[in-house]
Amino acid sequence: MMQQKAQITSQQLRKAQLQVDRFAMKLEQSRNLENTIVHVDMDAFYAAVEMRDNPQLKDKPIAVGSVSMLSTSNYHARRFGVRAAMPGFIAKKLCPQLIIVPPNFDKYRAVSKEVKEILAEYDPNFMAMSLDEAYLNITQHLEERQNWPEDKRRYFIKTRNPVEIDLAEEERDTLREPEQPLSPLLFEDSPPDVQPSGNPAQQNFEEQNHPQALQNSVVFGTSAEEVVKEIRFRIEQKTTLTASAGIAPNTMLAKVCSDKNKPDGQYQILPNRQAVMDFIKDLPIRKVSGIGKVTEKMLKALGIVTCTDLYQQRALLSLLFSETSWQYFLHISLGLGSTNLERDGERKSMSVERTFSEISKAEEQYSLCQELCGELAQDLQKEGLKYLNILCIVLLSHILNMKEGF
DNA sequence: TACGCAAAA
DNA sequence: TCGTTTTTGCGTA
């Protein structure tokens, strides 16, 4: 094979540098720090719901999913290396005591709805990314909130019924088995309680004057941090589940932030350029939504691991990648991201698929196809047929063509 | 415009 | 860093 003459000359690099920097300058000038974006993420959502509704599962390693795929694991199970998007049978090897609970999507949808009702109060146009994740733009809310009286920011603490606690504990005691590990423990300690504890700004517990009425109430402040504490507080009161959150001037940063103090924590990047840059500096690019394992590998091959690396190699990247790609990279390396949440268009496609073993005769393949088509047709039916029906017809004709091939 | 690949949940 | 499923967006041809 002849060697590909794909050398990049220092000439080219210098030229690219100028071009990229001109673009970076533009981006910098249009940096927008006016918005307060929040990313809310329920902690180990499916697993948490299952544990809440079945105390037997408390303090046991559990995962929600099937033998072939897990969608979530609780923090107990994570200590064994059991994580979301891992096949159940692998997880069982890592943690033989793992309890795999089949998913109850209807239930998760119901809980998700409860959470969404709260979120909507802070941003009626919030964007739900899945059942357990959402972005909010609380800029407006913050504005209005500044002159809210304390009473409008006061919430009463619903303490758990002591009888319930007793029952739960009794149950736990009687069910306690000589459990425990004969399998690799990856982390010894329990999930960090990263609560920036102490008395959060204005957690006023009125005692003296109003012994009964106001005793168990909390007043939240008017800052973004307080708003998000309030949101998380309300979520926990309403659902007995905890959420983590990130606060930042754009969605890209907010998403990374929500992961920082997980579980049951929050983190804010203050809305000034320096704070953003400090946060970005050592951030591994892999943490950014949109950078997956393949992109990570490609960039790693160029010695790029952190956002600082990404910025430093911007000229080279502009020569190696497509325009959309290098501009996306540049956005990340400058800590830029989307500052508004609108647009939630209609669905663009619908599909069904199944993985099956290699041994599979032509006839079986055909009938499987037919089965999948049936399922897809049903899905289409459910969600208002509209023009999607046309797809169904196209699909059927495809199948007929396939049959010819067999 | 179809198709494959990457990514996210 | 495989394994599964669904949806989306990008790049290539």
Side-chain angles (χ1 to χ4, degrees), chain A residues 39-49 63-73 78 81-95 98 100 102-103 105 108-109 111-112 115 127-135 186 243-244 246 251-252 254-256 258-259 262 284-301 317-329 331-332 337-338 343-358 368 371-373 375-380 382-383 388 390-391 394-395 397-398 401:
Chain A
H39 181 252
V40 177
D41 195 344
M42 300 295 293
D43 300 321
F45 186 49
Y46 299 169
V49 172
V64 175
S66 66
V67 186
S68 50
M69 200 269 284
L70 303 180
S71 21
T72 339
S73 59
R78 285 180 204 188
V82 175
R83 301 215 326 271
M86 176 184 273
F89 68 92
I90 302 260
K92 273 283 192 184
K93 285 178 189 166
L94 291 168
C95 176
L98 182 74
I100 298 180
F105 284 107
Y108 311 145
R109 261 189 290 273
V111 181
S112 180
V115 174
M127 192 196 273
M129 301 305 288
S130 60
L131 290 181
D132 72 324
E133 241 185 285
Y135 289 101
L186 297 190
S244 296
T251 54
M252 178 255 140
K255 174 83 205 261
V256 181
S258 71
D259 208 45
K262 201 161 235 310
I285 50 169
R286 184 60 218 268
K287 294 271 180 187
V288 178
S289 177
I291 307 282
K293 66 176 196 304
V294 175
T295 313
E296 179 190 33
K297 271 230 172 83
M298 285 196 293
L299 295 176
K300 198 170 204 166
L317 292 174
S318 79
L319 295 173
L320 295 179
F321 290 85
S322 69
E323 181 166 87
T324 26
S325 291
W326 72 255
Q327 295 194 352
Y328 168 64
F329 293 149
H331 270 88
I332 293 170
S338 166
R343 66 147 256 296
D344 195 41
E346 47 197 277
R347 86 146 69 253
K348 291 178 179 166
S349 72
M350 205 184 258
S351 64
V352 245
E353 58 184 273
R354 205 130 310 161
T355 308
F356 45 89
S357 48
E358 280 187 61
L368 196 95
E371 196 192 318
L372 289 178
C373 280
E375 288 177 33
L376 183 56
Q378 278 204 307
D379 290 349
L380 288 168
K382 244 190 260 181
E383 209 170 304
L388 287 174
I390 298 163
L391 272 179
V394 172
L395 215 91
S397 70
H398 267 290
N401 286 340

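A note on names: the letters A, B, ... follow the listed sequences, proteins ahead of strands, and every chain is numbered from 1. When reading the values below, keep in mind they use all heavy atoms of this one structure, side chains included, and skip hydrogens, waters and symmetry mates.
- Between the NZ atom of A/Lys287 and the P atom of B/dA8 there is a distance of 13 Å, given to the nearest Å.
- Once rounded to the nearest 0.5 Å, the distance linking CD1 of A/Ile291 with CD1 of A/Ile332 reads 4.0 Å.
- Residue contacts shown for A/Ser325 are limited to sugar-phosphate atoms, with no base heavy atom under 4.0 Å away.
- Look at CD1 on A/Ile100: it is 14 Å from P on C/dT4, rounded to the nearest Å.
- Taking the side chain as every heavy atom from C-beta outward, A/Val64 and A/Phe45 never approach each other to under 4.5 Å.
- Across B/dA8, C/dT4, C/dT1, the shortest atom-to-atom separation from the side chain of A/Met69 is found for C/dT4.
- Straight-line distance from the CG atom of A/Leu320 to the C1' atom of C/dC10: 17 Å, rounded to whole Å.
- Classification of the A/His39-A/Tyr135 ring pair by plane angle, with boundaries at 30° and 60°, yields tilted.
- Contacts of A/Ser71 with the nucleic acid, taken as non-hydrogen atoms under 4.0 Å apart, are absent.
- Across all strands, A/Ala84 comes closer than 4.0 Å to no nucleic acid atom at all (heavy-atom distances).
- Looking at heavy-atom distances under 4.0 Å, A/Leu70 makes no contact with the nucleic acid at all.
- Under the 3.5 Å distance criterion, with hydrogens and angles disregarded, no donor-acceptor pair is assigned to the side chains of A/Ser244 and A/Asp41.
- A/Ser73 places a side-chain N or O within donor-acceptor distance of the main-chain N or O of A/Val82, the cut-off being under 3.5 Å.
- Projected onto DNA chain C by closest heavy-atom contact, A/Ser68 and A/Arg286 fall at different nucleotides, the more 5' of which corresponds to A/Arg286.
- Here C/dT12 presents its C1' atom at 16 Å from CD of A/Glu323, a figure rounded to the nearest Å.
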Q: Fill in the dot-bracket string of DNA chain C, one character per base: . for unpaired, | for a pair to another strand, ( ) or [ ] for pairs within the strand, taking Watson-Crick or G-U pairs under 3.5 Å.
A: ....|||||||||
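- When rounded to the nearest whole Å, the span between CD1 of A/Ile285 and C1' of B/dA6 equals 14 Å.
- Here A/Val288 lies in heavy-atom contact (under 4.0 Å) with sugar-phosphate atoms only.
- Enclosure of atom NZ in A/Lys92 by more than 12 non-hydrogen atoms of other residues, nucleotides or ligands within 6.0 angstrom is indicated.
- A/Glu133 has its CD atom 19 Å from the P atom of C/dT6, to the nearest Å.
- Of the candidates C/dT1, C/dT4, C/dG3, the closest approach to any side-chain atom of A/Met86 belongs to C/dG3.
- The shortest side-chain heavy-atom distance between A/Trp326 and A/Leu319 does not fall under the 4.5 Å cut-off.
- The salt bridge (charged side-chain N to carboxylate O under 4.0 Å, His left out) search around A/Arg83 returns none, not counting sequence neighbours.
- Remark: C1' of B/dA8 and CE of A/Met129 are 8 Å apart, rounded to the nearest angstrom.
- Rounded to whole Å, the separation between the P atoms of B/dC3 and C/dT4 comes to 23 Å.
- Computed from coordinates, the A/Arg83 CZ to C/dT4 C1' distance equals 16 Å when rounded to whole Å.
- Taking atom C1' in both C/dT1 and B/dA6, the straight-line distance is 14 Å, to the nearest Å.
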